[in-house]
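Some notes on the structure that comes next.
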Amino acid sequence: MKTLLRMKTSLQESVQNMLNEQMTMEAHSSAVYLGMSSWCHEQGLIKTGEYFKKQSAEEREHMLRIFDYMIDMGGRAISPTVSDVQNDFTDLKSLLELYLEMEIKITESFNKMTGACIKVNDFQTVKFFEWFLNEQIEEEDNARRTLEIYELIGTELDGLFKIDHQIGELAGA
Ligand code: OFO
């Protein structure tokens, strides 16, 4: 029976565990970005609120992309438990800093997992990660851009209003 189960999936246990952890990370990002969206809306930063709602949906899509891959490989995907979801933020700047920090962590995670899969000769998963590695270039760039916009415009006078509109432009919101 054990042999049969092993044949059922070509995913190695270590890789399956990493993929499940990554699903949790994506689900966590989705939940935090939704919290960011709500906070922005509450502050009247409607465009930025919509931007983060879209980001939240994208992170869920990323989670499901991993879920589908695991299913296709005959693996066992675990529906993630998400905790430590921040809903309150001191100001827009600290929110945007957290956003960039989270995206950098996701990139680091994919780099680390890719390295680990190469070590165990799982080249199918390495190939699967390619899409995410490319996606992270754009994701990090967007996150950096939001902070640049914040710094460039500043919060004097109607600065926050202008920042809100410019961030909205990034997602066509
Ligand atoms: Fe899925 O981490 Fe952002 O994009």
Side-chain angles (χ1 to χ4, degrees), residues 11 14-41 45-73 75-89 92-118 122-151 163-164 166-173:
L11 278 180
S14 63
V15 175
Q16 180 162 280
N17 290 343
M18 282 191 306
L19 289 168
N20 273 315
E21 279 166 28
Q22 191 60 38
M23 281 221 311
T24 306
M25 250 180 128
E26 304 289 345
H28 180 258
S29 293
S30 176
V32 174
Y33 293 168
L34 200 62
M36 288 177 172
S37 172
S38 172
W39 184 88
C40 288
H41 273 287
L45 301 163
I46 293 165
K47 301 269 182 191
T48 311
E50 287 304 297
Y51 174 82
F52 278 107
K53 195 165 85 184
K54 189 167 170 268
Q55 293 307 117
S56 171
E58 274 186 19
E59 298 304 343
R60 183 175 159 77
E61 275 170 30
H62 296 169
M63 181 196 77
L64 292 177
R65 193 177 268 263
I66 300 170
F67 179 89
D68 288 341
Y69 175 71
M70 292 177 81
I71 300 297
D72 288 349
M73 295 293 280
R76 180 149 196 259
I78 310 283
S79 181
T81 304
V82 176
S83 55
D84 291 327
V85 178
Q86 191 172 336
N87 274 285
D88 274 322
F89 304 90
L92 182 60
K93 189 178 182 196
S94 64
L95 181 152
L96 297 177
E97 282 168 348
L98 176 64
Y99 169 39
L100 177 58
E101 206 177 289
M102 285 173 63
E103 288 301 332
I104 290 173
K105 275 195 187 141
I106 297 252
T107 305
E108 283 171 357
S109 178
F110 276 104
N111 280 332
K112 204 170 137 206
M113 288 193 297
T114 304
C117 286
I118 289 171
D122 182 350
F123 298 107
Q124 279 172 314
T125 307
V126 170
K127 199 162 176 352
F128 169 68
F129 285 156
E130 245 178 58
W131 182 90
F132 286 94
L133 290 166
N134 286 332
E135 171 78 3
Q136 280 312 115
I137 295 171
E138 192 190 319
E139 294 293 302
E140 269 192 46
D141 184 41
N142 275 344
R144 275 198 192 90
R145 187 67 193 139
T146 61
L147 269 170
E148 273 169 9
I149 287 169
Y150 186 96
E151 297 294 345
I163 291 168
D164 184 41
Q166 286 300 319
I167 291 178
E169 292 282 308
L170 286 177

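As the structure lists them, so they are numbered: ligands from 1, and atoms in each ligand from 1. Atom set for the values below is all heavy atoms of this structure, side chains included, hydrogens, waters and symmetry mates excluded. All values reported here derive from a predicted model rather than from experimental measurement.
For Lys105, the side chain to side chain contact (heavy atoms under 4.5 Å, CB included) partners two or more places apart in sequence, or in a different chain, are Met25, Glu101, Glu108. Considering only residues two or more places apart in sequence or on other chains, Lys112 meets the side-chain hydrogen bond (donor to acceptor under 3.5 Å, both in side chains) condition with none of them. Partners of Ser37 by side-chain hydrogen bond (donor to acceptor under 3.5 Å, both in side chains), not counting sequence neighbours: none found.
Sorted by chain and number, the protein atoms of type N, O or S within less than 2.8 Å of atom 3 (Fe) of ligand 1 are Glu59 OE2, Glu103 OE1, Glu103 OE2.
Relative ring orientation between Phe132 and Phe110 is described as parallel, the plane-to-plane angle staying below 30° on a 0-90° scale split at 30° and 60°. Classification of the Tyr51-Tyr99 ring pair by plane angle, with boundaries at 30° and 60°, yields perpendicular.
Annotation: Gln86, atom CD; neighbour count of heavy atoms from other residues, nucleotides and ligands within 6.0 Å is above 12.
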